[in-house]
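Protein chains get the first letters and strands the later ones, always in sequence-line order, with residue 1 at the start of each. Only heavy atoms go into these numbers, but all of them, side chains included; no hydrogens, no water, no symmetry mates.
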2 protein chains.
Amino acid sequence: MSNLDQARVASRSTETTRAALIKAATSVFAEYGYDGGSVRLITQRATANQAAVNYHFGGKDGLYREVLNAATRAFEENAFLDAEELDGLSPEDALRRYLHQFLLPLVKRDRVSRYLRIFAWESVRPSVVFSAFVAHSPPRIFLLAERVVRRFLPQDASAETVTFATLWLAQQPMFFVRDAERLAQPPFSLKFDEDALERLVDTLARFSLRGLGNA
Amino acid sequence: MSNLDQARVASRSTETTRAALIKAATSVFAEYGYDGGSVRLITQRATANQAAVNYHFGGKDGLYREVLNAATRAFEENAFLDAEELDGLSPEDALRRYLHQFLLPLVKRDRVSRYLRIFAWESVRPSVVFSAFVAHSPPRIFLLAERVVRRFLPQDASAETVTFATLWLAQQPMFFVRDAERLAQPPFSLKFDEDALERLVDTLARFSLRGLGNA
DNA sequence: TTTCGCTTCAAACGGGCGTTTGAATTTCAA
DNA sequence: TTGAAATTCAAACGCCCGTTTGAAGCGAAA
């Protein structure tokens with residue numbers, strides 16, 4: 001495998017192609033998930049040849065790992081949410097902030113939003129690539145939900161309860177992020193402008209905090 | 001199309017094949033969803049020829065519609081949950097009963113459980129077949145969540161709020177039903193026996209009713 | 001300018017999918 | 001028993017997928 005050697009003396013063209021492929025792959029995987037996103041569509045958006053994916057990344061999975069690496073890096077740089085910042089807030093505000101940040105993809109289409117959508121896809125049906133990836137080094141973003149949940153649970157809560165609650169909280173915003181396009185159409189017809197986003201944050205935060213009982 | 005004529009004078013063998021295909025399709029679609037379930041696997045489980053699906057049902061989509069019809073019929077016969085029974089309960093008990101019935105597939109593998117799993121799949125990424133099917137006649141099961149939710153919301157709640165809340169409640173149990181196998185493995189390792197089911201119902205009902213705030 | 005290694009490219013490969021085909025088989029009324 | 005209709009069957013078709021191939025293009029060192 002001379003890929004590493006190639007990278008060391010990479011020409012500008014090489015880096016251009018690699019970057020274009022990673023960028024295109026990020027948007028395609030965010031839209032369709034790993035299994036649903038095709039190499040042909042990625043290379044088409046990157047105006048690159050189909051074989052380029054295999055040449056530069058060893059395959060579709062290698063390209064995806066590169067995207068996941070970039071996402072992990074972004075989250076480690078707290079581009080999404082600072083764990084320490086969370087601790088400085090009250091439990092209620094921490095929950096609210098978590099939901100708000102996670103629902104941002106509904107109105108913004110920046111880089112972090114695409115990463116969040118990819119994670120939302122993986123929370124539905126994890127690809128083998130992703131499973132192997134998180135088995136090696138669990139992404140920080142997954143620990144944020146647990147961090148928020150623990151603020152509410154008693155110290156002596158069982159591991160099962162913590163797992164239930166963490167999975168539960170993590171699912172709250174993911175559904176809306178993943179299915180934004182579908183929810184925009186009948187029979188739901190939900191339009192997500194910034195006001196609707198705030199109302200959704202309100203609703204989810206209220207339900208998450210106090211449930212339907214005090215709605 | 002002489003399919004209708006054929007059906008009218010169908011031999012016993014015809015009905016046997018049709019029934020075997022529908023039964024096999026129900027289990028395959030419950031396991032893998034519509035897109036993920038292949039005709040080859042269905043016909044293999046039914047010990048039928050691949051072409052039989054097209055001959056008897058006009059295609060994979062026709063077979064799926066047949067399964068959806070059977071599911072709709074089962075739910076209309078209140079095999080899952082009686083809408084009037086719900087109204088007889090307190091809001092809290094109605095919610096609890098809704099969650100319990102919806103989580104039953106975690107420990108039972110009967111016919112209704114398979115139907116529920118199919119709906120859980122469709123709640124993630126609806127197939128075009130399903131979308132067209134529910135556009136024609138929305139299945140009763142989808143109205144149950146709204147029925148439960150309305151008990152908690154004020155009379156003058158906006159349509160958007162009702163939609164938010166209904167989608168929210170419907171998602172609560174679906175995640176666990178859909179991903180039962182995955183959650184049974186590391187890193188979650190959740191074992192769903194009947195006791196764990198009760199604890200999960202407890203947790204979800206508590207969160208849904210009173211949120212994390214009073215956990 | 002020639003040469004050599006990196007990169008691009010169009011084309012094809014192999015495999016899974018739903019579907020179609022046409023012949024063989026079974027069924028059942030005449 | 002015969003003959004036509006209904007059903008089954010193995011095989012192939014066409015499509016999309018990720019990947020491989022080998023030649024062509026390109027840039028920089030000799």
Side-chain angles (χ1 to χ4, degrees), chain A residues 1-22 24-25 28-29 31-67 121 125 127-130 132, chain B residues 1-22 24-25 28-29 31-67 121 125 127-130 132:
Chain A
M1 187 68 60
S2 61
N3 259 354
L4 291 178
D5 302 341
Q6 292 165 13
R8 231 184 309 128
V9 293
S11 65
R12 189 161 57 93
S13 171
T14 297
E15 275 313 310
T16 303
T17 303
R18 281 182 58 99
L21 284 173
I22 291 177
V28 168
F29 289 143
E31 270 182 63
Y32 304 103
Y34 176 68
D35 289 325
S38 77
V39 170
R40 279 170 174 79
L41 179 57
I42 293 170
T43 54
Q44 183 182 318
R45 288 198 187 176
T47 55
N49 190 270
Q50 284 183 34
V53 169
N54 280 272
Y55 179 76
H56 287 287
F57 302 98
K60 184 187 183 184
D61 56 338
L63 174 55
Y64 191 47
R65 265 187 293 271
E66 216 58 50
V67 173
W121 276 105
R125 187 87 351 199
S127 63
V128 289
V129 183
F130 183 82
Chain B
M1 188 66 61
S2 61
N3 258 354
L4 292 179
D5 301 341
Q6 291 166 14
R8 229 183 312 126
V9 294
S11 64
R12 189 162 57 93
S13 171
T14 296
E15 276 313 313
T16 303
T17 302
R18 281 181 58 98
L21 283 173
I22 290 177
V28 168
F29 289 142
E31 270 182 63
Y32 304 102
Y34 176 68
D35 289 323
S38 78
V39 171
R40 280 169 174 82
L41 178 57
I42 292 170
T43 53
Q44 183 182 319
R45 287 199 187 174
T47 54
N49 189 271
Q50 283 183 36
V53 168
N54 280 274
Y55 179 77
H56 287 286
F57 302 98
K60 184 188 182 182
D61 56 337
L63 174 55
Y64 190 47
R65 267 187 293 271
E66 217 56 51
V67 173
W121 276 105
R125 187 85 354 196
S127 63
V128 289
V129 183
F130 183 82

In whole angstroms, the gap separating C1' of D/dC17 from CG of A/Asn54 amounts to 12 Å
Taken in chain and number order and not counting sequence neighbours, the residues that satisfy ring pair (Phe, Tyr, Trp, His ring centres under 6.0 Å) with B/Tyr34 are B/Phe29, B/Tyr64
Taken to the nearest whole Å, CD/B/Glu15 to C1'/D/dA6 is 14 Å
Rounded to whole Å, OH of B/Tyr55 lies from P of C/dT25 at a distance of 17 Å
| message | Does B/Gly37 reach a base, just sugar-phosphate, or nothing at all? Heavy atoms under 4.0 Å. | response | sugar-phosphate
When rounded to whole Å, the CG to C1' distance for the pair A/Leu21 and C/dT7 reads 12 Å
Applying side-chain hydrogen bond (donor to acceptor under 3.5 Å, both in side chains) to B/Glu31 and not counting sequence neighbours gives B/Arg45
Note: contacts of residues 44-53 of chain B with DNA chain C (heavy atom, under 4.0 Å) are B/Gln50, B/Ala51
Inset, instruction - State, yes or no, whether a side-chain contact exists between A/Thr14 and A/His56 at a heavy-atom distance under 4.5 Å. - result: yes
Between CG of B/Leu41 and C1' of C/dC17 the distance, given in whole Å, is 13 Å
B/Arg40 meets the salt bridge (charged side-chain N to carboxylate O under 4.0 Å, His left out) criterion, sequence neighbours left out, with none
By side-chain hydrogen bond (donor to acceptor under 3.5 Å, both in side chains), B/Ser127 pairs with (sequence neighbours left out) B/Glu122
Under-4.0 Å side-chain N/O to phosphate OP1/OP2 contact, A/Thr17 with C/dT8: yes
Rounded to whole Å, the OH-C1' distance (A/Tyr34 to D/dC17) equals 12 Å
Residues 58-67 of chain B vs salt bridge (Lys or Arg N to Asp or Glu O under 4.0 Å), sequence neighbours excluded, gives B/Asp61-B/Arg65
When rounded to whole Å, the CG to P distance for the pair A/Leu63 and D/dG18 reads 11 Å
* To do: Answer with yes or no whether A/Arg40 presents, from its side chain, a donor or acceptor under 3.5 Å of a partner atom in the base of D/dG18.
  => yes
Rounded to whole Å, the CZ-P distance (B/Arg18 to D/dT8) equals 11 Å
* Indicate whether OP1 or OP2 belonging to D/dT8 is found under 4.0 Å from a side-chain N or O atom of B/His56. => yes
OH (A/Tyr55) and CG (A/Asn49) are apart, to the nearest 0.5 Å, by 12.5 Å
